[in-house]
Trainee: 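Dropping a structure here in structure tokens format, bear with me for questions.
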Amino acid sequence: KAGVTQTPRYLIKTRGQQVTLSCSPISGHRSVSWYQQTPGQGLQFLFEYFSETQRNKGNFPGRFSGRQFSNSRSEMNVSTLELGDSALYLCASTLRTATNEKLFFGSGTQLSVL
Amino acid sequence: GQQVMQIPQYQHVQEGEDFTTYCNSSTTLSNIQWYKQRPGGHPVFLIQLVKSGEVKKQKRLTFQFGEAKKNSSLHITATQTTDVGTYFCAGPGGGNEKLTFGTGTRLTIIP
């Protein structure tokens with residue numbers, strides 16, 4: 001099976017712009033989560049989608065939004081970019097069994113805001 | 001909200017020495033997971049512990065879940081250069097969070 005695919009791998013934007021990141025989960029996985037990783041704050045949960053519905057949301061401002069399509073692919077959008085949004089954005093698809101739940105992360109999108 | 005702390009933040013060890021990272025949650029966890037992130041890479045799932053006092057081994061790695069289900073540890077015996085990376089614990093968060101990740105322990109190996 002192919003892994004979690006995130007595009008683009010790197011992105012450079014300027015303050016005030018908006019950005020859209022894409023994530024294709026592992027085939028058959030219907031849950032997609034997004035995390036922001038920065039050296040200072042570690043891994044911070046953004047939101048989770050399951051069957052096109054947002055199930056959970058972390059403590060991020062409304063500038064951060066996402067959606068999931070019927071094929072389970074997900075996008076996240078950040079509007080009005082700020083310097084502090086520079087981070088590695090990781091997408092993870094979830095495999096759930098009766099006793100286990102594993103996150104499979106993509107390689108991430110490294111966003112730099114200038 | 002829930003906080004998950006790990007100590008130490010950094011650890012430098014000579015190749016062949018042992019390494020341990022400790023994870024402490026401010027709340028009781030239903031389960032705890034461990035992930036490893038190589039430099040420049042992404043987190044990779046290692047293991048999940050569910051039961052109080054549970055101990056699991058993966059070759060040179062030993063994982064423990066505390067009796068009170070609020071702490072956990074990862075111990076690596078006889079470290080190798082392939083063990084380099086940051087080790088994260090993660091537990092289900094309270095409120096509307098999915099998984100709360102620990103602050104991570106970055107392991108470097110001195111050859």
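We use all heavy atoms of the structure for the numbers below, so side chains are in, but hydrogens, waters and symmetry mates are not. Throughout, a chain's letter reflects where its sequence line sits, starting with A, and its residues are numbered from 1.
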Trainee: Shortest non-hydrogen contact from B:Y35 to A:K102?
Mentor: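 For B:Y35 versus A:K102, the nearest heavy atoms are OH-C, 4.3 Å.
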
Trainee: Counting only non-hydrogen atoms closer than 4.5 Å, does A:L103 touch chain B with its backbone (N, CA, C, O), its side chain (CB onward), both, or neither?
Mentor: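 Both parts, backbone and side chain.
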
Trainee: Scan for disulfide (SG to SG under 2.5 Å) pairs involving residues 18-82 of chain A, sequence neighbours excluded, and state none if there are none.
Mentor: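 Listed by first then second residue: A:C23-A:C91.
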
Trainee: Take atom CZ of A:F64 as the centre, draw a 6.0 Å sphere, and report whether it contains more than 12 heavy atoms from other residues, nucleotides or ligands.
Mentor: yes

Trainee: Could you give the distance from CD (B:Q37) to CG (A:L43), rounded to the nearest 0.5 Å?
Mentor: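 These two atoms lie 6.5 Å from each other.
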
Trainee: How would you list all residue pairs meeting salt bridge (Lys or Arg N to Asp or Glu O under 4.0 Å) that involve residues 62-81 of chain A, not counting sequence neighbours?
Mentor: A:R63-A:E82, A:R63-A:D85, A:R67-A:E75, A:R73-A:E75

Trainee: Is atom CD1 of A:I12 surrounded by more than 12 heavy atoms (other residues, nucleotides or ligands) closer than 6.0 Å?
Mentor: no

Trainee: Can you confirm whether more than 12 heavy atoms, excluding those of B:R60, are under 6.0 Å from its CZ atom?
Mentor: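 Counting other residues, nucleotides and ligands, CZ of B:R60 exceeds 12 neighbours.
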
Trainee: Considering only heavy atoms, which portion of A:Q37 lies under 4.5 Å from any heavy atom of chain B: side chain, backbone, both, or neither?
Mentor: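 Contact with chain B is through the side chain of A:Q37 alone.
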
Trainee: For the aromatic rings, using the six-membered ring if either is Trp, is the centroid distance between A:Y35 and B:F101 under 6.0 Å?
Mentor: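 Between B:F101 and A:Y35, which both carry aromatic rings, the centre distance is below 6.0 Å.
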
Trainee: How long is the straight-line distance from OG1 of A:T94 back to CG of B:L99, given to the nearest 0.5 Å?
Mentor: 8.0 Å

